[in-house]
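Per chain, numbering begins at 1; letters A, B, ... match sequence-line order.
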Amino acid sequence: MRISTLFGKPSKNEGVDYKIDSHRLLTQAGFIRESTAGRYYLLPLGIKVHDKIEAIVRKHMNAAGAQEVVMPVLHPLELWQETNRTTTTGFELMKITDRRGADFALGGTAEEMAVDLVRKFNISYKDLPFNIYQFSMKFRDEMRARGGLLRVREFVMKDAYSFSTEEQFKKIYEAMWKAYVAIFEELGMKVDVVAADNGYIGGEYCHEFVSEGENGESRYFIDEKSGYAAHEDVATFKIDDKNLDDREEKMEERKAERGPTMEDGVKLHGLPLWQQMKDVLYFDEATKRYVLAVIRGDLDVNETKLMQKAGAWDLRSATEEEIRDDLASEPGFICPVNFTKKGKETGFPVIIVADKSLRTVKNMYGGANQKHLDLTNINIDRDWQPDLEADIAMAAPGMLSPDGGKLVEKRGIEVGNIFQLGYHYTNLMHDAEYTDEKGTRQKYYMGCYGIGIGRTLAAIVEAHHDDRGIIWPKAVAPASVYLARLGVSKETTEVADKLYETLLERHIDVLYDDRDARPGEKFADADLIGVPYRVVVSDKLVTSKKFELKARGSDTLELLTQSELLAKLAS
RNA sequence: CGGGGCGUGGCGCAGUCCGGUUAGCGCGCGCGGUUUGGGACCGCGAGGUCGAAGGUUCGAAUCCUUUCGCCCCGACCA
């Protein structure tokens with residue numbers, strides 16, 4: 001490919017103020033161009049990398065026994081209604097109506113479509129297991145797109161859906177896990193595999209593949225000794241017992257002229273933070289219930305865990321008015337002791353969820369549901385009873401992992417994930433069944449597996465760049481050689497043109513900078529675009545019949561004859 | 001959706017508060033010339049219904065109303 005005729009040439013004054021490196025570099029180097037927020041044009045250089053990533057993903061999916069299909073982008077809305085996901089999805093569905101009034105969702109993920117496809121066939125246990133996948137444009141009406149390709153509203157995703165018996169499932173899940181490890185390794189990426197929350201996808205467990213980096217949106221914890229790795233939403237930790245040997249003292253009311261914060265309580269009572277009760281009140285818009293989360297004072301409530309344990313979908317903080325007027329309590333002085341069981345005005349029920357950390361401490365203190373009144377020596381069971389006890393605590397750096405090592409906090413970009421879906425969809429959708437050995441109908445046990453191609457592309461750039469530009473791993477580089485012709489003499493031009501032809505004949509992918517530009521500009525663009533090798537043909541070098549070779553990311557220059565050069569580039 | 005900022009040639013901006021000739025500047029682009037190993041220089045030139053609609057006014061990029069879009073921070077995810 002000749003730079004002189006390339007559509008989408010590098011431009012240094014494009015996107016200069018973009019905050020995210022991959023966003024800026026991909027824009028300046030001419031890989032992408034923004035259309036509107038969260039929607040991008042992929043330019044000729046960009047699609048080359050995108051295609052290479054797809055090819056690698058495809059190779060490993062096929063090797064793992066998955067079979068490629070293509071599904072429609074418009075999904076009949078009935079399918080989403082069948083699984084209730086018109087209301088429960090985390091991303092807003094994009095909807096479309098055709099001229100006959102039929103409603104469709106623009107596909108954001110395709111579990112329902114996969115099930116619908118499979119149930120169009122008469123499948124026997126002999127056909128199991130199987131795993132079908134596709135590359136297709138996904139649409140998500142994200143509230144806020146950000147970071148260039150890192151979070152967009154339209155993107156190509158590889159999504160796979162496995163159908164099997166429950167017994168067969170584990171093997172498939174592991175095969176996908178292994179395939180993902182191989183994919184990201186071949187892509188030149190270091191990823192952590194992190195246990196995570198299933199969210200709106202459903203099912204019981206899942207793992208995210210996270211490319212570590214400052215700009216990542218995923219926060220997770222790792223125990224570097226044992227390898228335990230979990231997203232902050234699900235990370236668990238060992239809780240230390242505090243004062244369990246103490247005798248339970250008599251609960252007492254105490255005047256408390258204090259502010260509403262935890263620190264105010266510590267100061268007033270002169271007792272440790274961990275002995276204080278933290279009470280956080282939520283309202284779930286989906287089920288119209290209040291949820292009172294109670295936890296040890298030195299810990300924070302993990303809202304993802306809370307939602308899962310309490311069966312809530314759409315949790316928000318309760319307002320001060322709700323606390324005062326509907327629940328007859330007081331912000332900063334909420335307490336589960338004698339807490340009202342339903343809203344005075346609204347009649348909405350209250351569910352009290354206790355974190356298991358409350359079992360590690362006795363004689364706690366906290367508010368008394370009245371301004372400037374506290375309780376001391378509160379003990380669970382004796383003084384109050386939760387409706388539900390569960391782990392609803394947020395892990396923090398330095399805590400001990402379930403395996404005993406220290407938890408380290410990391411950030412990263414979620415580039416792929418694998419989900420156990422179980423019977424979630426096959427229970428919700430009719431006829432999602434095969435015939436077993438005895439001739440009876442059985443539900444499929446499912447899994448799904450996604451990789452965002454564009455995000456992966458951006459994550460590679462995040463991980464591989466310097467202040468001059470991108471440094472592509474060989475496997476995905478838009479070309480392997482940047483051939484820069486310096487000088488305009490007839491001889492130099494002829495030698496450079498000839499080398500370009502020779503490289504093409506040998507199927508060495510080359511970007512030929514044949515522009516009539518100054519050396520500085522060519523070197524700068526070579527560094528910006530970031531292909532693995534730069535070859536220079538110049539007026540100085542033609543007389544000696546040598547070519548200069550330099551690897552991107554290194555400062556070493558080599559002078560080589562043409563045969564030496566070709567041998568090196570072919571390897 | 002909440003909070004903050006911004007829409008002026010392809011890109012980055014000035015001008016807007018306080019209305020008044022032909023709307024400027026830098027980069028880029030085109031032509032001519034001098035240059036050619038880390039983003040050169042000189043000359044000439046093209047390119048703008050000032051996001052959109054409505055209003056106020058003798059007169060609007062500038063004031064008012066409405067609206068659309070974009071960026072940054074939060075709640076979501078491949």
What is the nucleic acid contact for A:V536, judged by heavy atoms within less than 4.0 Å: base, sugar-phosphate only, or nothing?
base

For A:R515 and B:rC29, give me the distance from atom CZ to atom P, rounded to whole Å.
9 Å

Say you draw a straight line from OH of A:Y290 to OH of A:Y282; how long is it, rounded to the nearest 0.5 Å?
15.0 Å

Starting at atom CG of A:D141, determine the distance to atom P of B:rA75, rounded to an integer number of angstrom.
18 Å

Any N/O donor-acceptor pair, A:E521 side-chain to B:rG38 base, under 3.5 Å
no

Side-chain contact check for A:L557: nearest option of B:rG37, B:rG39, B:rU36 is B:rG37

Which base, if any, makes a Watson-Crick or G-U wobble pair with B:rG74, both distances under 3.5 Å?
B:rC1

Under 4.0 Å between a side-chain N or O of A:N13 and OP1 or OP2 of B:rG28?
no

Can you tell me the pairing partner of B:rA23 across any strand shown, Watson-Crick or G-U wobble, with both distances under 3.5 angstrom?
none

Stretch residues 478-493 of chain A: residues that reach within less than 4.0 Å of RNA chain B through a heavy atom
A:L486, A:V488

Mind checking who B:rA60 pairs with, Watson-Crick or G-U wobble, both distances under 3.5 Å?
none

Determine: side-chain N/O of A:R518 to OP1/OP2 of B:rA40, distance under 4.0 Å, yes or no.
yes

For A:H464, side chain to side chain donor-acceptor pair (under 3.5 Å) partners two or more places apart
none

Would you indicate what A:L541 reaches in the nucleic acid, counting non-hydrogen atoms under 4.0 angstrom: base, sugar-phosphate, or nothing?
base

Do A:F283 and A:F348 make the cut of ring centroids closer than 6.0 angstrom?
yes

If you compare all heavy atoms of A:R534 against all heavy atoms of A:V536, which two are closest, and at what distance to 0.1 Å?
NE-CG2, 3.9 Å

Paired nucleotide for B:rA14 [Watson-Crick or G-U wobble; both distances under 3.5 Å]
none

Could you tell me which nucleotide pairs with B:rG7 by Watson-Crick or G-U wobble geometry, both distances under 3.5 Å, or answer none if nothing does?
B:rC68

Base contacts versus sugar-phosphate-only contacts with protein, heavy atoms under 4.0 Å: please encode nucleotides 67-74 of chain B as B, S and - from 5' to 3'.
---SSSBB

5' priority, RNA chain B, between A:R534 and A:G452 [closest heavy atom]:
A:R534

Quick one: which of B:rG39, B:rA78, B:rG38 gets closest to the side chain of A:M157?
B:rA78

What about A:D539: does its side chain form a donor-acceptor pair under 3.5 Å with the base of B:rG37?
no

In Watson-Crick or G-U wobble terms, with both distances under 3.5 Å, the base opposite B:rG32 is B:rC42

Tell me which nucleotide among B:rG39, B:rA78, B:rG37 gets nearest to the side chain of A:E414.
B:rA78

Kindly say whether the aromatic ring centers of A:Y161 and A:F130 come within a distance under 6.0 Å.
no

For A:S22 against A:A458, the heavy-atom pair lying closest together
CB-O, 3.5 Å

State which of B:rG38, B:rG39, B:rG10 makes the closest approach to the side chain of A:F523.
B:rG38

So A:D159, base contact, sugar-phosphate only, or nothing? Heavy-atom distance under 4.0 Å.
nothing

Using every non-hydrogen atom in the two residues, find where A:K52 and A:A475 come nearest and quote the distance to one decimal.
CD-O, 3.7 Å

Any N/O donor-acceptor pair, A:S11 side-chain to B:rG28 base, under 3.5 Å
no

Can you find a pair of side-chain heavy atoms, one from A:I470 and one from A:F31, that are under 4.5 Å apart?
yes

